[in-house]
There are 2 protein chains.
Amino acid sequence: MSKANRIRIKDIAKEARVSTATVSRVLNNSNKVTAKTRRRVLEAVERLGYVPHHVARSLRVERVYSIGLIVPHDIDYLFSFPYFNLFIHHLAVEARTRGYHIIFTTTNGDESVQLHKAFAMRRIVDGLVILDVSDEDPRIDALTELGFPFVVIGRPNHKLPYLWVDTENEEGARRAVEYLISLGHRKIHFVNGPQHLAVSRQRFEGYSRALQKARIACEPTLIHNGEFTEESGYAITKAILHSDKVEAIFYASDTMAIGGIRALKEAGFEVGRDVSVVGFDDIPSASVVSPPLTTVAQPIALVGTWAARLLIDLIEGNKPVPKSLSVELKLRKSTRGGVTVVGD
Amino acid sequence: MSKANRIRIKDIAKEARVSTATVSRVLNNSNKVTAKTRRRVLEAVERLGYVPHHVARSLRVERVYSIGLIVPHDIDYLFSFPYFNLFIHHLAVEARTRGYHIIFTTTNGDESVQLHKAFAMRRIVDGLVILDVSDEDPRIDALTELGFPFVVIGRPNHKLPYLWVDTENEEGARRAVEYLISLGHRKIHFVNGPQHLAVSRQRFEGYSRALQKARIACEPTLIHNGEFTEESGYAITKAILHSDKVEAIFYASDTMAIGGIRALKEAGFEVGRDVSVVGFDDIPSASVVSPPLTTVAQPIALVGTWAARLLIDLIEGNKPVPKSLSVELKLRKSTRGGVTVVGD
DNA sequence: AGTTTTGATGTAATCGATTACATTACACAA
DNA sequence: TTGTGTAATGTAATCGATTACATCAAAACT
């Protein structure tokens with residue numbers, strides 16, 4: 001391992017009595033090599049225990065075989081992004097089957113755009129996965145201008161076209177609210193995420209569509225913007241209880257719903273009987289809280305898989321198309337009569 | 001960005017009318033440069049928007065400024081390892097303050113050792129974080145033989161010395177069981193993790209010590225080996241209930257405890273009154289299940305921080321020493337009388 | 001046999017930095 | 001003015017691969 005006894009391609013060439021070019025050809029499966037020569041080279045590789053030097057190869061072929069994932073420093077983010085570990089895991093699995101690694105780092109909001117640019121310009125990675133996007137996200141402009149490959153998780157508004165993977169947020173929210181309506185609820189509070197996030201807009205869109213279809217007026221006083229955190233779910237619910245008689249609440253994330261349930265219980269409500277609660281995401285805790293949460297499940301593993309797949313296609317010059325992944329409403333006990341299966 | 005209009009150090013040299021060597025010296029803060037020259041170079045860098053090429057630099061300085069994290073393919077693992085998100089996040093934060101990135105990939109058990117060796121030999125990373133270790137883990141032998149820097153999360157038995165970061169598993173288990181004893185329990189079931197993991201041995205050690213101190217016999221029939229998964233916690237608990245009258249169960253992970261609580265509820269027990277349950281890890285769900293779980297909290301963020309810190313120290317030739325991090329018993333509602341604070 | 005074609009192999013440039021060593025410029029002393 | 005020492009700068013080798021192009025050997029054709 002020490003530099004001295006390190007085996008290089010040159011050593012293999014000498015051992016197999018061929019040129020380094022031939023060794024390289026064998027290693028890269030070029031077909032322009034005699035079977036006999038190939039065998040001799042491979043034997044030498046075996047005998048000397050040679051493995052290629054990744055950095056040297058990268059310098060020449062101008063590819064580092066890795067994709068970058070830069071997440072905000074802000075710790076809440078990792079928890080508000082449901083199943084982050086599932087996502088990164090499946091991202092990595094798919095990447096690995098294609099011969100790529102994940103390069104992971106964190107950033108605070110201020111330096112985020114700069115860091116994305118730096119990753120691109122320094123060629124630390126071959127492409128980037130963009131998380132936590134808002135409308136007109138500046139990273140999209142920056143990377144597009146650099147001509148650098150990237151895929152966006154989510155589907156924000158932007159003047160430029162871009163490659164994305166998204167779950168059907170609008171559809172999911174619509175189905176959740178339609179379900180609440182089918183249960184007989186008419187006044188449905190909506191605790192949404194931060195306004196600047198595209199995902200919040202889409203979930204709101206679904207909420208409002210469902211009401212529209214049922215000819216229920218969309219009351220601005222029923223709409224609340226949280227932070228996707230448990231604390232904000234708790235606080236907003238407290239506030240709602242303070243000013244209103246509540247019968248149904250749709251939370252744009254399970255994390256907020258869990259905070260909300262805590263507030264409701266403290267106020268003496270029995271969730272699932274006195275009040276219906278629906279979440280979004282289906283995080284691990286969702287099935288384990290009391291009562292188990294009715295929620296819109298996101299296929300987060302698939303999001304990871306597709307993000308890697310599309311990004312690597314883009315890097316390798318194929319022509320990937322954006323991918324939309326469908327969601328599923330999981331009926332559990334936090335809603336009145338959570339047994340009936342509801343179609344669309 | 002396209003190869004053509006890429007700025008290299010050569011271009012800066014020409015622009016500033018100096019040699020590439022001088023540019024490099026300015027960029028690497030060598031002191032052997034006149035203030036005037038330095039200024040001229042920096043202006044050129046600014047004007048042309050130069051950023052160094054990471055791979056080219058790495059090839060020459062023989063350092064890639066990244067540390068590797070290879071986790072088993074097996075999906076259950078990510079959930080049984082509590083707070084994986086938190087861990088990787090803090091690992092990345094600390095690494096970043098030192099100028100390093102995380103390279104993340106997955107593996108199945110069979111190729112794990114080979115993959116760790118490949119990462120080392122191909123110089124894909126400068127050092128490795130070793131997770132999920134068992135006694136006499138072959139990765140420790142392989143990397144030691146290669147003379148490659150690595151840090152182990154946990155503290156398995158091994159004939160060779162190695163650098164590690166660990167939480168006080170034995171201490172934590174001991175305190176948990178002592179607490180159960182202080183509550184008046186004498187027959188305490190222990191649902192442990194897989195036998196081959198060092199962490200299971202250590203938690204067992206703590207369990208057995210606590211009993212010993214209280215002069216309670218350690219009954220082999222009370223010891224069970226699970227998989228750290230919710231399903232196994234559920235199944236084992238079912239089995240226990242089938243053959244025995246139960247009063248207290250200590251689970252070696254919250255995930256298993258949550259499965260266990262489900263089994264207990266189904267059997268009509270009220271956890272926290274009829275039976276005491278203690279978990280280990282303090283995963284996010286722990287505070288949110290019903291009843292909230294009394295558990296041993298691991299300082300997982302610190303584990304991440306210290307892992308990065310020690311590994312980078314090792315890479316850079318400092319002489320880091322292993323780090324032990326203390327745990328905390330969190331009293332909640334799953335134990336009888338979960339209000340009293342218990343010292344040691 | 002001589003010429004052309006084809007396919008295998010070798011030589012050397014290249015990727016973009018860093019750095020050992022050589023050279024130059026300058027300050028100061030004699 | 002010249003010599004000497006020191007600090008700044010330049011030249012070119014180097015890191016370890018890949019690959020364009022040159023060369024060579026053998027097969028195929030006339």
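By convention in this document, chain letters (A, B, ...) are assigned in the order of the sequence lines, proteins followed by strands, and residues within each chain are numbered from 1.
- B/R8 and B/D11 are joined by a salt bridge, as a carboxylate oxygen and a charged side-chain nitrogen come within less than 4.0 angstrom of each other.
- Looking at A/K117 and A/D141, no side-chain N of the basic residue comes within less than 4.0 Å of a carboxylate O on the acidic one, giving no salt bridge.
- Contact check, A/S58 against C/dC15: no side-chain N or O comes under 4.0 Å of OP1 or OP2.
- Across residues 37-44 of chain A, A/T37 each have a non-hydrogen atom less than 4.0 Å from an atom of DNA chain C (numbered order).
- A heavy atom lying under 4.0 Å from DNA chain C marks none of the residues of residues 12-19 of chain B.
- With rounding to the nearest 0.5 angstrom, the CD atom of A/Q114 is 13.0 Å from the CZ atom of A/F119.
- Judged by distance alone, the side chains of B/E316 and B/Y100 do bring a donor and an acceptor atom under 3.5 Å apart.
- Of the inter-residue distances, the one linking A/L163 atom CG with A/D313 atom CG reads 9.0 Å to the nearest 0.5 angstrom.
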I'd like a list of close polar pairs between nucleotides 17-24 of chain D and the protein, N/O only, cut-off under 3.5 Å.
residue	atom	partner	partner atom	Å
D/dA17	OP1	A/Y50	OH	2.6
D/dA17	OP1	A/H53	N	2.8
D/dA17	OP2	A/I9	N	2.7
D/dA17	O5'	A/Y50	OH	3.4
D/dT18	OP1	A/N28	OD1	3.4
D/dT18	OP1	A/N28	ND2	2.9
D/dT18	OP1	A/R57	NE	2.9
D/dT18	OP2	A/S24	OG	2.5
D/dT18	OP2	A/N28	ND2	3.4
D/dT18	O5'	A/S24	OG	3.4
D/dT18	O2	A/R60	NH1	2.5

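- What you find for B/V125 and B/I103 is that their closest heavy atoms are CG1-CB, 3.9 Å.
- Between A/R6 and B/E62, no side-chain nitrogen of the basic residue sits less than 4.0 Å from a carboxylate oxygen of the acidic one, so the salt-bridge criterion is not met.
- A 6.0 Å sphere centred on NZ of B/K159 holds more than 12 heavy atoms belonging to other residues, nucleotides or ligands.
- The line from CD of A/E111 to OG1 of A/T106 is 8.0 Å long, rounded to the nearest 0.5 Å.
- Contacts of B/V55 with the nucleic acid, taken as non-hydrogen atoms under 4.0 Å apart, are absent.
- Across B/H90 and B/T305, no two heavy atoms sit closer than the pair CB-OG1, 3.7 Å.
- Rounded to whole Å, atom P of C/dG16 lies 10 Å from atom CG of B/D11.
- Going from atom NZ of B/K32 over to atom C1' of C/dA22 covers 13 Å, rounded to whole Å.
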